[in-house]
Amino acid sequence: MSFYDEVYKLCKRIPKGKISTYKVIGDKLKTKAYRAVGQALKNNPYAPEVPCHRVVNSLGFLHGFKGEKSSKALNKKTKLLEKEGVKIKDYKILDFKKKLFRF
DNA sequence: CGGTTGACCAAGT
DNA sequence: GACTTGGCCAACC
């Protein structure tokens with residue numbers, strides 16, 4: 001059971017239509033490895049299983065893709081998010097605080 | 001095993 | 001208010 005696996009598990013725990021932050025996840029894992037969490041999700045070998053798009057930084061921003069070329073994965077997932085009921089504007093989650101899932 | 005990296009964060013400048 | 005710095009932790013090279 002690696003750190004990554006823990007991260008993936010937590011991601012799966014996030015209910016549809018809600019989102020969470022790297023910070024919360026790290027806190028949940030009793031660690032401050034917010035960055036490591038980010039790595040786990042960007043790698044995301046469990047692409048469809050683990051909804052990494054439901055995890056954003058503390059400001060509610062979807063980082064990573066500047067334009068459409070980089071981080072296509074997130075780009076897709078962003079649309080998926082909107083589909084799930086999470087409104088996004090300029091890669092930022094609207095009503096972020098309300099939809100934030102703290103586990 | 002040491003140094004770099006990363007989808008980070010908070011505090012300082 | 002934009003930018004830099006230092007700290008944090010795990011994975012990767």
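Letters go in sequence order (proteins before strands), and every chain restarts at 1. For clarity, every value in this text was computed on a predicted model and none was experimentally measured.
To the nearest angstrom, P of C:dA10 lies 20 Å from CG of A:N44. In this structure, CG of A:N57 is placed 12 Å from P of B:dA7, rounded to the nearest angstrom. Protein atom CD of A:Q39 is 12 Å distant from nucleotide atom P of B:dT5, rounded to whole Å. For the pair A:Y8 OH and C:dA10 P, the interatomic distance rounds to 15 Å; values are reported in whole Å. Between the NZ atom of A:K28 and the C1' atom of C:dA10 there is a distance of 20 Å, given to the nearest Å. Distance CD1 (A:I19) to C1' (B:dA7): 14 Å, rounded to an integer number of Å. To the nearest angstrom, P of C:dA10 lies 16 Å from CG of A:N43. Summarising the geometry, the separation between CZ on A:F3 and C1' on B:dA7 is reported as 14 Å, rounded to the nearest angstrom.
With C:dA10, B:dA7, B:dC9 as the candidates, the nucleotide lying closest to the side chain of A:Y34 is B:dC9. Side chain of A:A36, nearest nucleotide from C:dC9, B:dA7, B:dC9: C:dC9. The side chain of A:K42 has B:dG6 as its nearest neighbour among C:dC9, B:dC9, B:dG6.
The closest donor-acceptor contact from the side chain of A:N43 to the backbone of A:Q39 lies under 3.5 Å. Distance alone, capped at 3.5 Å, places no donor-acceptor pair between the A:Y46 side chain and the A:D5 backbone.
For the side chain to side chain contact (heavy atoms under 4.5 Å, CB included) with A:E6, the qualifying choice from A:K28, A:K30, A:M1 is A:M1, the only one to do so.
Between A:L81 and A:K99, the closest side-chain pair of non-hydrogen atoms is not below 4.5 Å. Side-chain contact between A:L41 and A:Y22 is present, with heavy atoms from C-beta onward closer than 4.5 Å.
Using a 4.0 Å heavy-atom criterion, one finds that A:K32 contacts the sugar-phosphate atoms exclusively. If you check every strand for non-hydrogen atoms under 4.0 Å, A:F61 touches nothing.
The 12-atom threshold is exceeded at NZ of A:K92, counting heavy atoms of other residues, nucleotides or ligands nearer than 6.0 Å. Residue A:K16 qualifies as open at atom NZ: its count of foreign heavy atoms under 6.0 Å is 12 or below.
A heavy-atom distance below 4.0 Å to DNA chain B is reached by none of the residues of residues 92-103 of chain A.
Judged by distance alone, with hydrogens and angles left aside, A:Y22 brings a side-chain donor or acceptor within reach of the base of B:dA7, the pair sitting under 3.5 Å.
Both A:G38 and A:K23 sit near DNA chain B, but only A:G38 has its closest nucleotide nearer the 5' end.
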